[in-house]
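Residues: numbered from 1 along the sequence shown. Model, not experiment: these values are computed from the prediction.
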Amino acid sequence: MDKIKKWYQSIPLWLALFLTIIIVILIAAFATRHTEETAAHRADEIQNKYLTGEIEENALNGAATVRYNVDFHYEDYTDKDARDYRIYTFVKKYAALFWYSVCVMAGGLFFYLTKLKRPLSLLGNASARIAESELDFTLDYSGSDEMAKLCSAFEKMRNALDENNKRMLHMIDERKQLNDAYTHDLRTPIAVLKGYSDMLVKYLPENKLPPDEVLETVKTMSTHVSRLEQFVDSMNTVQKLEDLSIEKEDVASADFLGHLRESAAILCQGGNLSCAFEAPITDDTLHIDPAAVIQVYENLMGNAIRFAKSKVIISCTRGTGVFSISVTDDGKGFSEKDMAKASHPYYSGHGEKQAHHFGLGLHICRTLCEKHGGQLRLENASGMGAKVTAQFST
């Protein structure tokens, strides 16, 4: 029975409906015939009680025959026989209508209860939960019919909505971090400029400031204005990242990896560092956005060269659906605080934001990796310093 039930749940709706109709017709036909025969037999039994006849000799073969007088009237029936005869006649006349109507309704109800009720209930409940912005559930309906496929498609939609919702919350959180960083970093130069401008307005008309001190003040204000300009440029860079779209294409592995190797050699040579480049990739092509990957690579190399003592190691690998670039330096590595906040915007472990850009570069790398379907991983390499791995889906 369980096998039959599982088989019925797996067949398409049209086949289930067709089988239900066939079975319903057969049951209705059998029930109609049986009911008509039974009702006719019972009606004949009542009728036969009131038939009269006389025996006559057949002139041809001498056989005895019975001739009945069928001129009977309902007045001759008893009340019970008359009532029963009318009932059996009515049943015989409308048996087909009754049984086909009952079987069609029963078949429709059976089809609804076995093939439609549960998936429709699940879909209705899921729709209500999604309408309430509740996405942390799973729509589970086993089977392989059209309703199971519909539930599966609905589950994919729910999962996509959940991922988009999480991504949106993540973007909102990042936007909040950016706003906090902007507010924090803008406060100092604005306060300095305000203080110096108030001082100039107060003392300059009275000639209480010597020319050298005025010039020094103006130079300081100019420095802070330049810092504000650089900060605005960095804000524009981060804003452009949010609008950036990844466009993957097939690139020749040998040429692309050769470009990365050549760039690493030039950058390390400029920083008086030794460079080790490893790329054991046998695939002919890589399906990536080369511009985004190169931008991430250059940022990782810039950070590594900035903190390395004597050596930088680059490793490019190809996994299942993933292209990875790992850059390792022999510096002091990441602290626990760096691990948690290094990829946050405008985080600087050394308090030298404009000199090192520590955090903004890694923030750009993390954003590009995530847009490319990958991730950015920070760790400390054994026997070395910091190791940053950028992964890109292919």
Side-chain angles (χ1 to χ4, degrees), residues 163 167 170 237 240-242 244-334 338-339 342-343 357-394:
E163 292 297 326
R167 190 178 298 110
H170 179 67
T237 300
K240 290 178 181 178
L241 281 178
E242 297 180 359
L244 179 68
S245 60
I246 298 298
E247 297 180 359
K248 299 181 182 179
E249 60 182 77
D250 290 330
V251 298
S253 300
D255 295 340
F256 185 74
L257 295 174
H259 173 74
L260 297 185
R261 180 183 288 107
E262 182 179 349
S263 298
I266 294 174
L267 291 173
C268 289
Q269 183 178 2
N272 295 321
L273 301 171
S274 64
C275 174
F277 188 93
E278 302 173 354
I281 297 177
T282 59
D283 295 356
D284 294 332
T285 60
L286 294 171
H287 190 62
I288 56 175
D289 184 332
V293 174
I294 290 175
Q295 186 174 356
V296 171
Y297 178 71
E298 291 177 349
N299 275 315
L300 295 184
M301 287 297 300
N303 280 336
I305 292 172
R306 188 176 301 120
F307 297 105
K309 295 178 180 178
S310 61
K311 185 177 183 180
V312 175
I313 300 174
I314 303 98
S315 176
C316 300
T317 57
R318 177 78 164 87
T320 303
V322 176
F323 171 63
S324 300
I325 300 177
S326 295
V327 179
T328 307
D329 61 60
D330 60 349
K332 70 175 186 178
F334 293 116
D338 292 338
M339 289 285 193
S343 60
H357 298 284
F358 187 72
L360 183 58
L362 291 180
H363 173 72
I364 293 173
C365 292
R366 186 191 69 178
T367 302
L368 289 175
C369 286
E370 290 177 352
K371 282 182 171 289
H372 208 294
Q375 62 177 342
L376 187 73
R377 188 171 67 248
L378 310 180
E379 57 187 322
N380 288 319
S382 177
M384 293 286 287
K387 179 180 179 181
V388 183
T389 302
Q391 294 182 337
F392 309 90
S393 68
T394 57

### Message
Using every non-hydrogen atom in the two residues, find where S324 and V322 come nearest and quote the distance to one decimal.
### Response
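What the structure gives for the nearest pair is OG-CG1, 3.5 Å.
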
### Task
Compare every heavy atom of V296 with every heavy atom of A390, then report the nearest pair and how far apart it is.
CB-CG1, 3.7 Å

Nearest 0.5 Å, what's the [atom1]-[atom2] distance between [X] and [Y]?
X: T317; Y: Q391; atom1: OG1; atom2: CD; result: 7.5 Å
X: L267; Y: I305; atom1: CG; atom2: CD1; result: 4.5 Å
X: F256; Y: I294; atom1: CZ; atom2: CD1; result: 4.5 Å

Residues which pass side chain to side chain contact (heavy atoms under 4.5 Å, CB included) with [X], listed by chain and number, not counting sequence neighbours:
X: C316; value: L257, L260, F277, A279, I281, I314, F323, I325
X: I313; value: A276, K311, T328, M384
X: A308; value: L273, V312, D329, D330

Any side-chain heavy atom of [X] within less than 4.5 Å of one from [Y]?
X: R306; Y: N303; result: yes
X: Q375; Y: C369; result: no
X: R261; Y: C275; result: no

### Summary
For residues 378-394, the salt bridge (Lys or Arg N to Asp or Glu O under 4.0 Å) pairs (sequence neighbours left out) are R377-E379

### Summary
salt bridge (Lys or Arg N to Asp or Glu O under 4.0 Å) pairs touching residues 286-300, sequence neighbours excluded, are none

For [X], enumerate each residue passing the side-chain hydrogen bond (donor to acceptor under 3.5 Å, both in side chains) test, keeping only those at least two apart in sequence or located in another chain.
X: T389; value: S326
X: E262; value: none
X: Q295; value: none

### Query
Applying side chain to side chain donor-acceptor pair (under 3.5 Å), which residue pairs with at least one partner in residues 272-283 are found, sequence neighbours left out?
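Listed once each, the pairs are D283-R318.
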
## Note on the structure
Residues pairing under side chain to side chain donor-acceptor pair (under 3.5 Å) where one sits in residues 245-259, two or more places apart or in two chains, turn out to be K248-S393, D250-H287

### Query
With sequence neighbours excluded, what pairs up with F392 under the ring pair (Phe, Tyr, Trp, His ring centres under 6.0 Å) test?
H372

